[in-house]
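Scroll down for the structure; my scribbles are underneath it.
Both ligands and their constituent atoms are indexed starting at 1 by order of listing.
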Amino acid sequence: MRPTDIHRRHAAILLPSLLLPLLLTSCQTAGPHSQAALSFSVYDNQANQLLARMTLEEKIGQMIQAENTGLEDPSDVETYFLGSILSSGDADPEAGNSLKAWTDMVDALQQRTQLTRLKIPLLYGVDAVHGHSNVLGATVFPHNIGMGCTRDPELVEQAARVTAREVRATGIQWTFAPCIAVPRDERWGRTYEGFSENPKLAAELGIAAVRGYQQDNPANPLSVLACAKHYVGDGGTVFGSAQEGRGMDQGDTRLDEETLRAIHLLPYPPAIEAGAATIMPSYSSWNGLKCSGHKYLLTTVLKDELGFEGFLISDYNAIKQVHPNFKVAIGICVNAGMDMAMEPTRYRLFFQYLKELVEEGVVPVSRIDDAVRRILRVKFAMGLMDPDRPLLADRRLHKNFGSEAHRRVARKAVRKSLVLLKNEANALPLSKNAARIHVSGKSADNIGNQCGGWTITWQGQSGPVTPGGTTVLEAIRKTVSPKTKITFSENGTGAEGADAAIVVIGERPYAEGLGDRAELNLDKEDLQAIDNLKKARIPVVVILFSGRPIIINEALEQADAFVAAWLPGTEGQGITDVIFGDYKPIGKLSFTWPKSLSQVPLNIGDQPYDPLFEYGFGLSY
Ligand code: GLC
């Protein structure tokens with residue numbers, strides 16, 4: 001299926017590979033610090049010297065990423081010479097989610113590497129996709145969909161830099177971010193992980209995020225490795241094309257190569273140019289073939305054509321999806337170019353099978369050496385192999401974890417991410433000196449709904465999920481004059497007599513396939529709250545928390561003002577900064593907003609482009 005109106009809509013032209021360098025240049029100048037592509041191959045001498053000393057078992061161990069909660073015994077770190085460990089969204093330390101518990105756990109596992117012959121330190125990876133949001137008290141930023149509406153690469157870079165500092169505070173040196181997906185169907189539960197439906201915007205902000213995470217140099221002790229994901233076409237899968245019970249991110253992207261390159265591959269060369277140390281192949285397939293085992297995509301395109309010098313990390317248990325026989329699947333994926341396997345629990349079996357595959361000649365030693373060389377040169381590049389550098393977490397960073405300074409960056413991001421969709425009779429900005437403002441909605445005093453998925457838990461959860469943040473209701477109370485009375489009812493009743501009402505509604509937290517929705521309507525309780533407020537015959541300001549454009553026609557009709565706030569994270573004062581006029585709304589839609597579900601997906605095929613709000617829309621005052 002070929003996009004007919006991508007040319008019109010995003011003023012992006014289908015970029016044959018010969019024009020990609022132009023994009024790189026433009027993106028380079030777009031970023032605050034133009035830098036040549038980070039070359040990891042400059043560390044080949046050191047990597048090769050170490051490689052020459054390694055046994056096959058030690059090499060295979062470097063290619064394995066187990067999960068902290070999946071370790072059958074902590075001593076498996078040294079027994080299997082593990083190269084990496086991850087904590088996915090729910091893999092918390094036994095001692096809980098405090099900063100100390102995380103730091104103690106990571107340090108303890110890292111120390112075990114020193115019991116091995118070669119003492120090669122672990123890379124520890126987490127999904128710090130909008131701040132170090134696994135950890136209580138972290139600064140939680142707007143999810144990428146909101147950052148996309150800021151159109152501000154420097155702010156995206158600054159947010160990533162702050163996130164890197166908070167991740168490093170726990171001794172972790174790798175985040176599985178940025179997601180540079182180009183989501184094309186709002187029914188996808190991962191839409192909010194993407195910056196935009198526009199590949200050029202996804203590319204520009206992806207570069208900024210990589211630079212923010214890795215900063216000038218991965219050896220910077222305040223930087224973390226970035227991971228551009230999910231390669232390639234994760235945002236272009238056909239709704240319903242996944243195997244029974246699996247999410248859209250495990251579906252099939254059915255496009256010709258030119259269209260795949262123009263939309264979904266486009267953000268990767270810039271991310272590589274910006275120095276992304278790792279790339280994560282997608283669970284999804286391209287025209288029926290799983291990306292995780294796709295030699296053309298992983299080796300011919302990414303490594304040979306685009307010159308990617310870092311290493312590929314599989315997605316969580318993604319390898320086993322490539323073939324019913326796990327050992328065969330391992331052979332396919334490693335031979336296709338997969339360098340490290342995210343095998344949370346099956347790492348012992350992976351170790352055994354890959355060893356057998358090499359001994360049987362199915363996987364050549366040269367492929368193992370290439371994979372391990374890639375992993376080692378990244379570890380050399382980040383100074384991990386330097387015996388004079390501290391092995392464990394720098395706990396001096398704890399004092400700035402979730403600090404006011406960090407939260408100010410997140411608050412600015414919230415402000416700039418808000419998109420004003422309607423403002424009848426200048427309902428906004430509201431007066432800080434109003435006699436009374438009535439606040440409503442299920443998400444007005446709900447930090448969990450405000451942060452969305454990937455917050456403390458994989459799916460996120462409603463309620464007081466993490467300390468240190470500010471809900472919208474708390475922010476309103478902090479913003480208005482002492483004389484202003486603030487009243488609250490979740491269901492919108494009791495607003496009579498107030499000067500205005502603010503109602504905060506929208507989606508509850510979700511992540512990945514559990515967020516896929518065949519319909520995109522507002523909850524009945526949200527609509528009821530607005531109805532109840534309208535009975536008070538006062539101006540109603542609607543604030544929507546959502547991970548994507550959803551069908552809002554009825555609510556929009558009833559609202560006097562309507563703000564798309566996406567999933568803003570912990571800093572609710574970024575919202576009151578705008579609705580009470582200290583800052584103007586400047587956000588611009590990074591996704592087209594559909595009028596009805598029948599239009600979704602809006603960006604594909606020959607249907608007329610007639611949305612509720614066009615890509616790039618946003619009012620101000
Ligand atoms: C998940 C996601 C990926 C994440 C990984 C580790 O399934 O697909 O984005 O980085 O597993 O949590």
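Looking only at protein heavy atoms, the nearest one to atom 5 (C) of ligand 1 is D315 OD1, 3.3 Å. Residue, atom and distance of the protein heavy atom nearest to atom 6 (C) of ligand 1 are D127 OD2, 3.3 Å. Among protein heavy atoms, atom 1 (C) of ligand 1 sits closest to E512 OE2, 3.1 Å.
In this structure, R346 forms a cation-pi arrangement with F326, its terminal cationic atom sitting closer than 6.0 Å to the ring centre and no more than 45° off the ring axis.
Proximity to K229 (heavy-atom distance under 4.0 Å) selects the following atoms of ligand 1: 3 (C), 4 (C), 9 (O), 10 (O). Shown in contact with Y316 at under 4.0 Å from a heavy atom are these atoms of ligand 1, numbered in order with element: 7 (O), 11 (O). Of all the atoms in ligand 1, the ones that sit under 4.0 Å from a non-hydrogen atom of F176 are 10 (O). Heavy-atom proximity to H230, at under 4.0 Å, picks out these atoms of ligand 1: 3 (C), 8 (O), 9 (O).
For the pair S88 and ligand 1, the shortest N or O to N or O distance does not fall below 3.5 Å. In terms of polar-atom proximity, defined here as any N/O pair under 3.5 Å, D249 makes no such contact with ligand 1. Not one N or O of E193 is nearer than 3.5 Å to an N or O of ligand 1, by distance alone.
For the pair E257 and R261, the salt-bridge criterion is met [side-chain N within less than 4.0 Å of a carboxylate O]. Comment: K229 does not engage D234 in a salt bridge, judged by the lack of any side-chain N to carboxylate O separation of less than 4.0 angstrom. Checked for salt-bridge contact, R367 and D339 meet the test: a charged N lies under 4.0 Å from a carboxylate O.
Residues meeting the ring pair (Phe, Tyr, Trp, His ring centres under 6.0 Å) test with H132, sequence neighbours left out: none. In terms of the side-chain hydrogen bond (donor to acceptor under 3.5 Å, both in side chains) criterion, residue partners of S443 (sequence neighbours excluded) are, by chain and number, N449.
When the shell of 6.0 Å around NZ of K355 is examined, it contains 12 or fewer heavy atoms from other residues, nucleotides or ligands.
Note: F311 and W174 meet the aromatic proximity criterion, with ring centroids under 6.0 Å apart.
Counting heavy atoms closer than 4.0 Å to ligand 1, residue Y283 contributes side-chain atoms (C-beta onward) but none from N, CA, C or O. The proximity of E67 to ligand 1, defined as any non-hydrogen pair under 4.0 Å, does not occur for either the backbone or the side chain.
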